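Everything below concerns the one structure shown next.
Just so it is clear, the model here is predicted, and its values are computed rather than measured. A, B, ... follow the sequence lines: proteins, then strands. Residue 1 opens every chain.
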Amino acid sequence: MFELFDAVLAARLQFAFTIAFHIIFPALSIGLASYLMVLQGLWLKTGKDIYRRAWRYWVKIFAVIFGMGVVSGIVMSYQIGTNWSVFSDKTGPILGPLMGYEVLTAFFLEAGFLGVMLFGSNRVSRRLHFMATIMVAVGTMISGFWILSVNSWMQTPAGYTINDVGQFIATDWWQVVFNPSFPYRFVHMMLAAYLTTAFLVGGVSAWHLLKDKTNSAAKLMFSMSMWMALLVAPIQIIAGDFHGLNTLKHQPMKIAAMEGNFESQNGAPLILFGWPDVKNKVVHGKIAVPKLASLILTHDVDGHLPGLDAFPEEDWPNVPLVFWSFRIMVAIGFAMFLVGLWSALMRLRKKLYDAKWLHRAAVLMAPSGSIAILAGWITTEVGRQPYTVYGLLRTADSVSPLDAPAVNASLLAFVLVYFLVFGSGIYYLLKLFKRTPSLNERDIKTGQPRRAAGITPIQGLADKINDDSKEGK
Amino acid sequence: MDYVLIWAGLMAFAVFAYVVLDGFDLGIGLLFPFIKQPDDKSNAMNSIAPFWDGNETWLVLGGGGLYATFPLAFAIIMPALYAPLIVMLLALIFRGVAFEFRWRAETKAGIKRWDLGFTLGSFFAAFSQGVALGALVQGIQVTERTYVGGWWDWLTPFSLVTGFAVVIGYALLGATWLIYKTEGLLQRFCQHTAWKLTWALGVMIATVSIWMLFKQDPYMKRWFDYPNYLYLLPVPVLVAVLGTYLLRALNKGYELAPFLSVIALFALSYFGLCISFYPNIVPPNISIWQAASPDSSLKFLLVGASILIPVIIAYTAYSYWVFRGKVNSEDQYH
């Protein structure tokens, strides 16, 4: 059973599997850390308790997600070496320092202040506590900066030369870090993280609004998330378009696969749906809009688009996978845009909290960001194949000198452990989402009256005692 | 300036920082099943909850730093130690999520499950790190730039012994940390346990130190060629002195001294290892200069590291200072 896949395929599957699980968590950490920072800032500024309640609600969720991101991330940093040792040897001098900077500028910052953020509210002043949250949020962004620079360099290598033992070495670090696809990928991914979080918050709060539309904390969260949907989704569509133009310039073969464009042509149609048949080099049952692909990608109805026929077939990525994952991502992006518009309409009519169908749609869309992120990454990473460093180092030449049984066995172990551990994690997250915001179910369970200190005249103090005793354990 | 030597020193520091910092929190996981009272269990875990993530970041710096500064060593060691490293990564997952999941599980059985995951995760992480150390010490087969051994080469009686040595060492670090951070019954339990573990660790240090000398000729030469043994004689002597002091500090009921003494013991043992390895990074054949990245990479990362590492140490120290004193059940958000 341990020879199921050959060593290269098993290593690829393992990386794909572990990184797909991983990316869900940091994407939400990036968004949630910023959301918590905003909530805490608003609380400090206005003194309104509702912001602190919302903060408390999401910080527990954040802690679970962050923890899963940390442990699944450590796997990634070692897996490069265990399964891709030749890649490590060759790219270490260039990509290693970027990852080193990620650890030094981001991971330590997040981890160092996470403790104060989660556990320190009784030990430091409010301002210092807020600063800790800011540091964690900034850390998640810096982390995104470096790791996307690393990924982008693999897609569009720049600023390098190759030394006599076959290693890539830097000639210009600025060009390495700010390689041609990096700015686009960074913006696209950060916006994706924010949208993913916005739709998660929106979905959870909509679910609570469906049960009780007067819940003030749920109203606050829903309103904030729908503002994000309205404002960020269109920006994301524009950013995605720019990213696509950049890909056409540097990785035209990937664009051809994304578009299902087998033949080079002027005035290429935009294929909406269909099934790419690589063997016969046609797209079956396609629904296409004439000339639209050329218009989008070259801003000219008769613009020339290279098709897959412009490239040797042994260099093609898996066309159906790239084609379909791309469509899933785009479809979700537009659905997000529509939900944003719908919410604006309801807001104008002052029905944002009564619009049951909008709330239902938002609940349905809660995991949409995560799915879009996975689909988008499949598009860009499968589209990078058959290379690890685009055009320079083939995936088949990057793997460790390991026997297939070793890699298959570890693949199996990762699959089992991830489903068990992260499956439990997701179950606990769902339970956390189920708690009604601003009331805490735990005090009911332990039999404490909800307003144990309600007779004290100082409501603020009463709230604090309540909150602390309720959320203490 | 020899950037390679500077980076070898910095990487050695990062690995040592990891061993000490994650060592004591993995040690708590090892002691966990022996702590019986539910409150004591919570206190033990809360004493490390604000720190474990930062502690583990040193492991990422170790891996990422090796990839950056000694990519050839990274490319050889990782596949050579394949199984122990995969086990370590999986074990760290169980250990890490237990910090959150144990508070989310609402049934007693659920809490027990994650407590078990916490302990087994800590054990296998510690054990596989020790095995990896032993496998590295006994040497790795390399041809040109590639590991050429099999995927079970790491498994020898020696590497199993180093595995247990690290488990005992981490448990002792954890026990002395809890002496410092807790009071009452739990503290007393840890004092008794630490006393026994000190003896066990002493036996382990002696066994591994002597056995190791017979693993590779250069180790024997390093320690016993004239005049080396004159300079190096203080190392085993200091280990013995520190061990004796540690036992005394435990008997006297000192709170911080035992923890610091164990760190010093680790430092001495680690120094002994580094002395034996030098100038190799992958014994027996790959030196730090052969494995190093070109100077352009070493310089680029050093600029940042020389500023950032002191800053990291400063805010890490700040975080420890915020949570100073005995562990306190009020510092929770769960």
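Of all the heavy atoms in A:Ser410 and B:Tyr82, the pair that sits closest is OG-OH, 2.7 Å. Nearest heavy atoms, A:Pro97 versus B:Ala68: N-CB, 3.3 Å.
Side-chain contact between B:Tyr67 and A:Leu95 is present, with at least one heavy-atom pair separated by less than 4.5 Å.
Taking B:Val87, B:Leu90, B:Leu92 one by one and counting their heavy-atom pairs under 4.5 Å with chain A, the maximum is reached by B:Leu90. When the candidates B:Ile93, B:Thr316, B:Ile86, B:Leu308 are compared by the number of heavy-atom contacts under 4.5 Å with chain A, B:Ile93 comes out ahead. Chain A forms the most heavy-atom pairs under 4.5 Å with one residue out of B:Val97, B:Leu81, B:Thr69, B:Ile76, and that residue is B:Val97. When the candidates A:Leu98, A:Val176, A:Val165 are compared by the number of heavy-atom contacts under 4.5 Å with chain B, A:Val165 comes out ahead. Top candidate by heavy-atom pairs under 4.5 Å with chain A, chosen from B:Tyr320, B:Phe70, B:Trp152, B:Trp58, is B:Trp58.
Within the 4.5 angstrom heavy-atom criterion, atoms from both the backbone and the side chain of A:Thr91 approach chain B. Heavy-atom distances place both the backbone and the side chain of B:Leu61 under 4.5 Å from chain A. Contacts between A:Val421 and chain B at a heavy-atom distance below 4.5 Å involve backbone atoms as well as side-chain atoms. Residue contact with chain A, scored on non-hydrogen atoms closer than 4.5 Å, is absent for B:Leu66. Looking at A:Ser77, both its backbone and its side chain come within 4.5 Å of chain B, counting heavy atoms on both sides. The part of A:Leu128 that comes within reach of chain B is its side chain, from C-beta onward, which places non-hydrogen atoms under 4.5 angstrom from that chain. With a 4.5 Å cut-off on non-hydrogen atoms, A:Val116 touches chain B through its backbone and its side chain both. Neither the backbone nor the side chain of A:Glu110 comes within less than 4.5 Å of any heavy atom of chain B. Residue B:Phe94 touches chain A through its side chain alone, counting heavy-atom pairs closer than 4.5 Å. With a 4.5 angstrom heavy-atom cutoff, A:Val407 touches chain B via backbone and side-chain atoms both. Interface remark: A:Leu104 contributes backbone and side-chain atoms alike to the contact with chain B (heavy atom separation under 4.5 Å). Contacts between B:Phe101 and chain A at a heavy-atom distance below 4.5 Å involve backbone atoms as well as side-chain atoms. For B:Trp114, the part lying near chain A is the side chain, with the backbone staying farther off; criterion is any non-hydrogen pair under 4.5 Å. Heavy atoms closer than 4.5 Å to chain B are found in both the backbone and the side chain of A:Ile74.
In this structure B:Glu56 satisfies the salt bridge (Lys or Arg N to Asp or Glu O under 4.0 Å) test together with B:Arg95, sequence neighbours excluded. Qualifying salt bridge (Lys or Arg N to Asp or Glu O under 4.0 Å) partners for B:Asp53, counting only residues two or more places apart in sequence or in other chains: none.
When the heavy atoms of residues 288-305 of chain B are compared with those of chain A, the residues falling under 4.5 Å are B:Ser293, B:Pro294, B:Ser296, B:Ser297, B:Phe300, B:Leu301, B:Val303, B:Gly304, B:Ala305, listed by number. Residues of residues 141-148 of chain B lying under 4.5 angstrom from chain A, judged on non-hydrogen atoms, are B:Arg145, B:Thr146, B:Tyr147 in numerical order.
Here the OH atom belonging to A:Tyr428 is positioned 9.0 Å from the CD atom belonging to B:Glu106, to the nearest 0.5 angstrom. How far CZ of A:Phe113 is from OH of B:Tyr318: 7.0 Å, rounded to the nearest 0.5 Å. Separating the OG1 atom in B:Thr57 from the CZ atom in A:Phe107 is a distance of 8.0 Å, to the nearest 0.5 Å. Separation of atoms CG (B:Leu89) and CE (A:Met76) is listed at 10.0 Å; rounding is to 0.5 Å.
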Criterion side-chain contact (heavy atoms from CB on, under 4.5 Å) on A:Met68 and B:Glu100, from CA distance to verdict
CA-CA 9 Å; A:Met68 292 195 281; B:Glu100 284 301 321; over 6 Å; no
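Ring geometry for B:Phe74 versus A:Tyr78: interplanar angle of 30 to 60°, hence tilted.
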